[in-house]
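The structure appears below as structure tokens.
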There are 2 protein chains.
Amino acid sequence: MTPHEQLLSYFQSKTHLSPEEFSEFKDFFVLKKVKRNELLLREGEVCTFNLFVLSGLLRMYHIGPEGQEFTRYFAFENKFGTSLTSLIEGMPSIENIQAVEKSEVLKISKVDFFKLVETVPSVNLIYKNILEQAYITSQKRIYDFQGKTALERLKWLLSHQPGILNRIPSRLVASYLGITSYTLSRIKAEL
Amino acid sequence: MTPHEQLLSYFQSKTHLSPEEFSEFKDFFVLKKVKRNELLLREGEVCTFNLFVLSGLLRMYHIGPEGQEFTRYFAFENKFGTSLTSLIEGMPSIENIQAVEKSEVLKISKVDFFKLVETVPSVNLIYKNILEQAYITSQKRIYDFQGKTALERLKWLLSHQPGILNRIPSRLVASYLGITSYTLSRIKAEL
DNA sequence: ACTGACTCTTGCCCTACAGCAATACCTTGA
DNA sequence: TCAAGGTATTGCTGTAGGGCAAGAGTCAGT
């Protein structure tokens, strides 16, 4: 399957879109290969693109005042990922985007993307869907973690994303759970 | 200013909308008066409406496993407020909606609202705006609170929403900051 | 204006998690 | 294949905030 075929499949799983319509704008999405640990966006830069992950894995994370990393989201294969707030507001990003593994992505510029959102109904719908899901994911994570201990949060993660501990370094899992890697290491013993 | 005039002003502050266009759908929004502390939605119910706050103040909050309340959002005058995740997914809400003060709201049913989103371009735009802002607000709150002490979070709140401590009972401010009211009481002494 | 009921404050103790340091364990590249 | 640098584990200790209980303050309804 070519990169663009993979993207078309994604669109078709969410909305109606014929290959003919797709071919009119598919070239806005260009293939980009990224190395493990490579940064695609740094805190402070304005985000001017949206990314569709073909293979590999990205993470969006923030660095706190004392240098602690906090991972907001892991973008796996067949997901869009970007610094949404920076993309929407056009302001410097407060988060970094990094490839956790060697990855392949399709990149579309901000202007092209929003042009499509306004002119192609199916892309408009995809964008509405991205926004809704981003919001829902963010809310669920807050509420599901609220009032829970580190161990309970870990169990929640394992039940929702089994296998994540094998694929992603503990350091990053800890930063996703909002705990230090020391604590993660300790509570893993209690599982 | 009548309730509908107030809503029209809000729309016009966000997008172009003539009084004539507005009058075609304004009756979908019906006035509702709510008493202090009255619940407009309970956890477990499916949310079937969107609310525009004319006067007063609503809060959206969740009750944790041990009964601790966690306030996600205060909807002040001239804001839309609802349980967005429940409205979008059509699933039981995980949050409650309560009037903090005696309030007046304009209520629109879910079906009418989404009908307008699909048929009236300016409402479509308002909805996109609501989603974007909901997401951005949620993210900023997470990142701004990340790695900060309770005292720092309180200072952040006071600088972003001065006067909130006078208008809203401490209990609720504490639940917004993610701390107990004991702790809030103690850190207020350190201001 | 009075009373009963919430709401806020504060002393005390407790617990979950942070953070350092030392050790053991993987990876990756020449 | 081996060395080097990152990553994970674990003992020890420190601390922010939780939670109870008792008291003070405040507000709403009759």
Side-chain angles (χ1 to χ4, degrees), chain A residues 34-39 56-57 59 61-71 74 98-103 144-158 164-191, chain B residues 34-39 56-57 59 61-71 74 98-103 144-158 164-191:
Chain A
V34 284
K35 291 199 278 273
R36 191 166 113 77
N37 291 329
E38 185 175 336
L39 279 168
L57 171 54
R59 73 173 178 126
Y61 68 102
H62 171 68
I63 299 178
E66 269 92 40
Q68 342 83 305
E69 294 189 356
F70 179 71
T71 299
F74 292 109
Q98 183 185 39
V100 175
E101 307 169 350
K102 177 165 170 290
S103 308
D144 287 341
F145 281 9
Q146 179 59 18
K148 295 227 172 70
T149 65
L151 180 57
E152 289 168 325
R153 295 207 289 269
L154 174 59
K155 284 179 179 165
W156 176 92
L157 180 63
L158 290 175
I164 203 173
L165 265 180
N166 305 323
R167 182 161 177 189
I168 295 176
S170 291
R171 257 187 64 236
L172 304 186
V173 173
S175 90
Y176 181 78
L177 292 174
I179 58 180
T180 60
S181 49
Y182 307 127
T183 300
L184 177 56
S185 189
R186 285 187 262 260
I187 62 178
K188 276 200 280 186
E190 294 174 39
L191 272 181
Chain B
V34 284
K35 291 199 278 274
R36 188 162 118 58
N37 291 328
E38 185 175 336
L39 280 168
L57 171 54
R59 74 173 177 126
Y61 68 103
H62 170 68
I63 299 178
E66 269 92 40
Q68 342 82 308
E69 294 189 356
F70 179 71
T71 299
F74 292 109
Q98 182 185 41
V100 175
E101 306 170 351
K102 177 164 169 291
S103 307
D144 287 341
F145 280 10
Q146 180 58 18
K148 295 228 171 71
T149 65
L151 181 57
E152 289 168 326
R153 295 206 290 269
L154 175 59
K155 283 178 178 164
W156 177 92
L157 180 63
L158 290 174
I164 202 172
L165 265 181
N166 305 323
R167 182 161 177 189
I168 295 176
S170 291
R171 255 187 66 235
L172 304 187
V173 173
S175 90
Y176 181 78
L177 292 174
I179 58 180
T180 60
S181 48
Y182 306 127
T183 300
L184 177 56
S185 188
R186 284 188 263 258
I187 62 178
K188 275 200 282 185
E190 294 173 40
L191 272 179

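No hydrogens, no waters, no symmetry mates; every other heavy atom, side chains included, goes into these values. So you know, we letter chains A, B, ... as the sequences are listed, proteins then strands, and number each from 1. Note that the structure is a prediction, hence the values are computed from the model and not measured.
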[X] [atom1] to [N] [atom2]: how many Å, rounded?
{"X": "B:Leu177", "N": "D:dG17", "atom1": "CG", "atom2": "P", "result": "11 Å"}
{"X": "B:Asn37", "N": "D:dA28", "atom1": "CG", "atom2": "C1'", "result": "12 Å"}
{"X": "B:Lys35", "N": "D:dG29", "atom1": "NZ", "atom2": "C1'", "result": "14 Å"}

I need the minimum non-hydrogen distance between [X] and [Y], along with the two atoms involved.
{"X": "A:Pro65", "Y": "B:Gln146", "value": "CD-O, 4.2 Å"}
{"X": "B:Gln98", "Y": "B:Asn37", "value": "NE2-O, 3.2 Å"}
{"X": "B:Glu152", "Y": "B:Gly147", "value": "OE1-O, 4.4 Å"}

Can you sort out which residues in residues 148-158 of chain B have a heavy atom within less than 4.0 Å of DNA chain D? Ascending by number, please. B:Thr149, B:Ala150
Short of 4.0 Å, heavy atom to strand atom, which residues of residues 62-71 of chain B count as contacting DNA chain D?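 Nucleic-acid contacts, sorted: none.
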Under 4.0 Å from any heavy atom of chain B: name the first and the last nucleotide of DNA chain C that qualifies, 5' to 3'. C:dT7 to C:dC12
How many angstroms lie between CG in B:Leu191 and CG in B:Leu154, if you round to the nearest 0.5 Å?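 Answer rounded to 0.5 Å: 5.0 Å.
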Within residues 183-191 of chain B, those residues having any heavy atom closer than 4.0 Å to DNA chain C are B:Ser185, B:Arg186, B:Lys188
Just to be sure I understand the geometry, which residues of residues 164-172 of chain B put a non-hydrogen atom under 4.0 Å away from DNA chain C? B:Pro169, B:Ser170, B:Arg171
For residues 167-179 of chain B, please give each side-chain donor-acceptor pair under 3.5 Å, one per line with the distance, not counting sequence neighbours.
residue	atom	partner	partner atom	Å
B:Arg167	NE	B:Glu101	OE2	2.8
B:Arg167	NH2	B:Gly56	O	3.1
B:Arg167	NH2	B:Glu77	OE2	2.8
B:Arg167	NH2	B:Glu101	OE1	3.3
B:Ser170	OG	B:Lys188	NZ	3.0
B:Arg171	NH2	B:Glu69	OE1	3.4
B:Ser175	OG	B:Thr71	N	3.4
B:Ser175	OG	B:Thr71	OG1	2.5
B:Ser175	OG	B:Leu172	O	3.1

